[in-house]
2 protein chains.
Amino acid sequence: MADRTRRKPGETREKLMSAALTLVGKGRHFASLGIREVTRQAGVVPTSFYRHFRSMDDLGLQLVDELGLVLRRMMREARANVLQSDKLIEESVGIFVAHAQANRSFFLFMAQGLAGESRSVQEGIRSEMRFFASELANDLRRLRLVTHLSDADLDLTCDLVVRTVAFSLTDLLSISEDDDYQIGLVQQRTTRFLQMIFVGASHWQRG
Amino acid sequence: MADRTRRKPGETREKLMSAALTLVGKGRHFASLGIREVTRQAGVVPTSFYRHFRSMDDLGLQLVDELGLVLRRMMREARANVLQSDKLIEESVGIFVAHAQANRSFFLFMAQGLAGESRSVQEGIRSEMRFFASELANDLRRLRLVTHLSDADLDLTCDLVVRTVAFSLTDLLSISEDDDYQIGLVQQRTTRFLQMIFVGASHWQRG
DNA sequence: AAGCTATGTGTACACTTGTTCACATGTGTG
DNA sequence: CACACATGTGAACAAGTGTACACATAGCTT
């Protein structure tokens with residue numbers, strides 16, 4: 001093979017993963033992808049697949065790990081940008097929407113995986129969401145933004161927030177990538193949702 | 001054919017639809033089902049499929065219609081049982097959970113379809129949810145349970161409620177069918193979510 | 001320099017897939 | 001009765017599928 005030497009280690013692995021994401025981005029559902037299809041999209045021979053993944057499920061699991069990185073990057077940015085802002089919710093939702101746009105396929109994969117075919121992918125995504133919610137709870141506690149809630153109630157609130165945002169994903173991803181008007185509507189509506197939740201949390205009684 | 005005469009009209013059609021649901025109930029994702037697979041599960045020859053459906057997408061669409069019926073039945077029951085109750089939210093969530101258990105495959109299909117492969121199925125389910133939310137808004141208005149909100153804000157609230165319940169579906173359906181303890185937890189958590197949302201709604205300002 | 005390992009390739013096979021076609025049969029309509 | 005129609009059947013096909021095997025080569029370890 002002329003140029004096999006040029007390939008960095010793990011390059012094919014990445015090609016396969018992003019090939020799967022590309023197909024998802026094109027509207028396919030992850031559960032309906034086949035090994036041959038993915039390798040074809042990656043420009044690689046089918047056998048190569050097995051060098052890196054045991055099965056499609058396995059590939060899905062590794063995508064979940066990468067998804068975790070994307071989410072963490074997003075949280076970091078949100079934390080940085082939001083500290084000196086008075087429009088906390090609005091800003092955060094904005095950052096979320098921006099990241100969802102920038103990593104469309106990833107979030108598409110996440111939305112699909114929540115009710116997906118692979119139990120382990122499902123559990124992985126769910127666990128990422130739990131992590132996200134607990135980080136959010138930490139931040140709110142640390143910034144003294146929510147002080148009257150018990151730990152359990154704060155968790156409840158953050159869980160609800162994360163779910164709401166995650167559900168907005170399906171709205172966001174079902175509209176065209178460059179329909180800024182519609183995107184704005186979703187963003188605004190999501191913001192309102194969160195505002196209402198936090199109003200509820202601030203008037204919440206007993207734990 | 002010996003017994004073809006016995007078959008009621010539309011019987012095969014139903015067999016195909018419930019075969020698809022059965023497969024979904026067994027953990028498969030609708031997007032990954034094939035025509036042959038469904039006909040095999042239905043105990044019917046592949047060609048028969050085309051007598052009733054143009055494609056898998058078509059079958060999905062017709063399932064969405066039936067899903068609509070299931071939802072309407074659920075609403076009717078909720079309306080009947082809830083009128084004379086003081087624990088409105090708790091009761092409603094209970095009814096929802098019961099229906100989700102009784103029609104597991106249907107709701108599984110619904111949860112999958114929200115981020116599914118077929119644009120039209122996606123839109124269909126979304127539209128069922130909108131309908132559900134608007135009915136809920138009507139009821140709340142009619143029962144004078146929410147009087148201080150503008151129409152738009154009431155819609156917002158009901159939308160949020162429906163989303164929250166729909167998301168609970170993914171929790172509910174990812175745990176074992178007869179794990180009553182876990183089911184109870186989800187039910188309780190969902191109830192709390194809704195209570196918090198309504199607390200938020202009742203303290204909501206301006207439209 | 002020799003050999004091991006990770007990675008990539010090509011071929012092959014048995015199986016499944018979607019779809020088409022010609023045909024059978026029970027039901028309702030003229 | 002005869003005829004059209006809806007429904008169901010079976011055989012056939014080209015294309016696509018997952019996976020196994022033997023082989024090539026680059027880079028590391030000794």
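Letters A, B, ... are given to chains in the order of the sequence lines, protein chains preceding strands, and every chain is numbered from 1. All values derive from a computational prediction rather than experimental measurement.
- A salt bridge between B/Asp153 and A/Arg192 is absent, with no side-chain N of the basic residue lying under 4.0 Å from a carboxylate O of the acidic one.
- Looking at every heavy atom in both residues, A/Met129 comes nearest to A/Leu114 through SD-CD2, 4.1 Å.
- Between B/Ser134 and B/Phe131, the shortest heavy-atom distance links the atoms OG-O, 2.9 Å.
- Here the P atom of nucleotide C/dT17 and the CG atom of B/Leu33 are 11 Å apart, to the nearest Å.
- The side chain of A/Glu37 approaches D/dT17 more closely than any other nucleotide in the set D/dT17, C/dT9, C/dT20.
- Both A/Ser48 and B/Thr47 lie near DNA chain C, and the one whose nearest nucleotide falls closer to the 5' end is A/Ser48.
- The distance between atom CD of A/Glu11 and atom C1' of C/dT7, rounded to the nearest whole Å, is 12 Å.
- The distance between atom CD1 of B/Ile35 and atom P of D/dG16, rounded to the nearest whole Å, is 16 Å.
- When distances are taken from the side chain of A/Thr12 to each of D/dG10, C/dT7, C/dT9, the shortest belongs to C/dT7.
- One atom, CZ of B/Arg13, and another, P of D/dT7, lie 10 Å apart when rounded to the nearest Å.
- Note: OH (B/Tyr50) to P (C/dT19) measures 4 Å, nearest angstrom.
- In terms of heavy-atom proximity, B/Gln41 sits nearest to B/Leu23 at OE1-CD2, 3.7 Å.
- Of the two residues near DNA chain D, A/Arg36 and B/His52, the one whose nearest nucleotide lies more 5' is B/His52.
- The CZ atom of B/Arg54 sits 12 Å away from the P atom of C/dT19 (whole-angstrom rounding).
- Counting any heavy atom pair closer than 4.0 Å across all strands shown, B/Phe49 reaches no nucleic acid atom.
- For the pairing with A/Leu194, the side chain to side chain contact (heavy atoms under 4.5 Å, CB included) check across A/Leu88, A/Thr164, A/Val199, A/Leu160 returns one residue only, A/Thr164.
- Rounding to whole angstrom units, CD of residue B/Glu14 and P of D/dT7 are separated by 13 Å.
- Among the heavy atoms of the strands lying under 4.0 Å from A/Arg40 are primed sugar atoms or P, OP1, OP2 only; no base atom is included.
- Taking atom CG of residue A/Leu16 and atom C1' of nucleotide C/dA6, one finds them 15 Å apart after rounding to whole Å.
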